[in-house]
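Single-structure report; data block below.
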Amino acid sequence: VAFVFAFSMRSAVKLTLESRTELTPTVQALTFRTHRKLSFIPGQYLELDVPHRHPDARGTRREFSIASAPEDLPLLTVAFKEVPSKKPQSSYKKALAQVVPGDTLAVTGVWGDFLLPKRAMAPVLMVAAGIGITPFASQLRHIRLAEEDRDIIVVYVAPDASELAFREE
């Protein structure tokens, strides 16, 4: 276990938080600056390590869909929903809430195969609800920045128009 931990920390990409933005009343975006090369394909997700004292059973790492496009690097954005509820927040969410611009965290991996079809002429239907729009935001932003021509229909539902994140994409 110690070897795996040491190896993963050596291969981790350090990030510095640049900004925290409220996208909707319940969704926040975190934009980081990468300290070295980080590669991803629009639609993938990353594992973000937020070290903190007394982590709960789930530990110090969670997965987040990447909301930015590869063209945005070295800036990288993830988004998450904060749900005010009766049950207490996890130790991870509490620690993430304390992260401020200038703080350094680490990406310990990038994975996922929720990708656009390789054939650009293939029509695409994107269906999302709430924060589920995040991987599509990355893909749509990439398509716009790469000036690709694709046939895409987006169906996006939310309980209220104020909860539609990434509207500009």
Side-chain angles (χ1 to χ4, degrees), residues 4-24 26-52 59-82 92-93 95-122 124-154 156 164-169:
V4 171
F5 177 77
F7 178 75
S8 69
M9 291 316 291
R10 248 188 316 119
S11 63
V13 175
K14 298 290 183 194
L15 306 173
T16 299
L17 182 63
E18 292 279 318
S19 65
R20 179 185 293 268
T21 307
E22 186 177 283
L23 297 179
T24 77
T26 63
V27 175
Q28 286 199 14
L30 301 178
T31 299
F32 297 93
R33 180 170 301 280
T34 61
H35 289 265
R36 65 181 174 91
K37 185 175 168 113
L38 178 74
S39 297
F40 70 92
I41 300 169
Q44 290 189 307
Y45 64 94
L46 58 77
E47 182 179 66
L48 185 64
D49 186 30
V50 180
H52 56 283
T60 63
R61 298 177 184 182
R62 298 290 190 282
E63 291 81 26
F64 295 91
S65 292
I66 300 169
S68 52
E71 293 83 358
D72 294 318
L73 290 169
L75 296 180
L76 176 110
T77 301
V78 298
F80 63 96
K81 187 168 187 164
E82 286 193 321
Y92 183 92
K93 283 278 183 133
L96 188 59
Q98 299 301 313
V99 175
V100 296
D103 286 352
T104 300
L105 301 176
V107 169
T108 53
V110 174
W111 301 278
D113 58 4
F114 191 65
L115 312 175
L116 289 167
K118 289 185 183 192
R119 196 169 60 88
M121 296 309 293
V124 176
L125 173 63
M126 298 177 170
V127 180
I131 194 63
I133 194 68
T134 309
F136 297 139
S138 175
Q139 293 167 342
L140 293 167
R141 184 164 174 75
H142 164 71
I143 289 166
R144 184 171 51 82
L145 293 173
E147 297 181 351
E148 291 184 10
D149 185 23
R150 288 189 177 248
D151 182 13
I152 298 178
I153 295 175
V154 179
Y156 182 25
L164 295 171
F166 300 106
R167 292 175 112 169
E168 65 281 0
E169 296 306 332

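Keep in mind that what you see is a predicted model, and the values were worked out from it rather than measured.
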Flag if over 12 foreign heavy atoms under 6.0 Å of CD1, Ile153: no
CZ on Arg167 to OG1 on Thr24, rounded to 0.5 Å: 10.5 Å
Min side-chain heavy-atom separation Leu105-Asp103 under 4.5 Å: no
Donor on one side chain, acceptor on other, His52 and Thr60, under 3.5 Å: no
Electrostatic pair Glu82:Lys93 at N-O distance under 4.0 angstrom: no
Close side-chain approach of Arg33 and Leu75, heavy atoms under 4.5 Å: yes
Heavy-atom side-chain contact between Pro70 and Pro42 under 4.5 Å: yes
Closest heavy-atom pair and its distance - Ile133, Val154: CD1-CG1, 4.3 Å
Flag, side chain of Glu18 to backbone of Thr31, donor-acceptor distance under 3.5 Å: no
pair Val99-Val50: side-chain heavy atoms closer than 4.5 Å: yes
Separation of Ile66 CD1 from Asp72 CG (nearest 0.5 Å): 11.0 Å
Nearest non-hydrogen partners of Gln44 and Trp111, listed with the distance: CB-O, 3.2 Å
Short side-chain to backbone donor-acceptor contact, Tyr156 and Met126, under 3.5 Å: no
Separation of Glu148 CD from Gln139 CD (nearest 0.5 Å): 10.5 Å
Distance (rounded to the nearest 0.5 Å) between Leu73 CG and Phe32 CZ: 13.5 Å
Donor-acceptor under 3.5 Å (Ser138 side chain, Ser68 main chain): yes
Lys118 versus Arg150, closest heavy-atom pair with distance: O-NH2, 4.3 Å
Residue that, paired with Leu46, satisfies side-chain contact (heavy atoms from CB on, under 4.5 Å) out of Val110, Val13, Thr108: Val110
Spacing of Phe166 atom CZ and Thr77 atom OG1 [to the nearest 0.5 Å]: 7.0 Å
Minimum heavy-atom distance between Ala79 and Leu23, given as atom pair plus value: CB-CD1, 4.3 Å
Contact summary for Leu145 and Ala69, nearest pair of heavy atoms: CD1-CB, 4.2 Å
Option from Phe136, Phe40, Tyr45 for which ring-ring contact (aromatic ring centres under 6.0 Å, His included) with Phe114 holds: Phe136
Beyond-backbone contact of Pro74 with Leu38, side-chain heavy atoms, under 4.5 angstrom: no
Arg36 side chain vs Ala12 backbone, donor-acceptor pair below 3.5 Å: yes
Nearest heavy atoms of Ala146 and Glu71, plus distance in Å: CB-OE2, 3.8 Å
Distance (rounded to the nearest 0.5 Å) between Met121 CE and Asp149 CG: 7.0 Å
Side chain to side chain contact (heavy atoms under 4.5 Å, CB included) between Leu30 and Leu96, intermediate numbers included: CA-CA 10 Å; Leu30 301 178; Leu96 188 59; 3.7 Å; yes
